[in-house]
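Presented below is the structure to which this report refers.
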Amino acid sequence: MSHKAAKVTVTGVVLATALGVMLYTTLGESMQYYKYVDEVMAAPQTWQGKKMQVHGYVVTESIERKRDALEYKFDVQRNGQVLTAYFTGAAPDAFFQPGAEVVMTGHLTDRGFVATDMSAKCPSKYEVKPPTPGAAATSPE
């Protein structure tokens, strides 16, 4: 191998290593998993302590709110698997509807999922409404 080829190879390896380290340190802290309740409950020890988002359906009868505080304890389920969750803060309005679909951000502990953020999905917002009788049909041009 010539001297010039060796320099190019060493430079390429150094640059690739530097880029890899930068990506890992930059993205490493913000990376999080997105899992459904049943996926988490299949192997909870695997997910403990990791930052993640968990998607499931609120068991409405399970919602408990601490008196005079915005602290909630509730169960979230999917496919027969149930996960107890804890959240402090203003809950989304759709949270209190039967079977509300939620996505929580937080981490799994021995006692359940501790959510730092929670959003409720609102499927009715995106459903196609039937046309009203007597309305003129228009076609896009």
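The chain is numbered in sequence order, starting from 1. Any value given below was found using the heavy atoms of this structure, including those in side chains, with hydrogens, waters and symmetry copies removed.
No chain of hydrophobic side-chain contacts below 4.5 Å, direct or via other Ile, Leu, Val, Met, Phe, Trp or Tyr residues, connects I63 to V59. Note on V58 and Y34: separate hydrophobic clusters, where clusters join Ile, Leu, Val, Met, Phe, Trp and Tyr whose side-chain heavy atoms are under 4.5 Å apart, directly or indirectly. Taken together through direct or relayed side-chain contacts under 4.5 Å among Ile, Leu, Val, Met, Phe, Trp and Tyr, Y36 and V114 form parts of separate hydrophobic clusters.
Between V54 and V37 the shortest side-chain heavy-atom distance falls below 4.5 Å. Looking at H107 and K51, their side chains never come closer than 4.5 Å, going by heavy atoms from C-beta outward. A heavy-atom distance below 4.5 Å is found between the side chains of V103 and K121. When side chains are defined from C-beta on, V76 counts as touching F74, because their heavy atoms get closer than 4.5 Å.
Interatomic distance, OH of Y86 versus OG1 of T109, reported as 7.0 Å (0.5 Å rounding). Distance check: Q48 CD to L108 CG gives 5.0 Å after rounding to the nearest 0.5 Å. The CD atom of Q77 sits 9.0 Å away from atom CG of D38, with the distance rounded to the nearest 0.5 Å. Distance check, rounded to the nearest 0.5 Å: CE of M41 to CD of Q81 gives 6.5 Å.
Between F87 and Y72, the two ring planes are parallel [angle under 30°; tilted spans 30° to 60°].
Annotation for Q53 and Q32: closest pair CG-OE1, 3.0 Å, computed over non-hydrogen atoms.
Between F113 and the options V40, L83, T105, T84, a side-chain contact (heavy atoms from CB on, under 4.5 Å) holds for only L83. H55 pairs in a side chain to side chain donor-acceptor pair (under 3.5 Å) with only one of the listed residues (R78, K35, E101, E39), which is E101.
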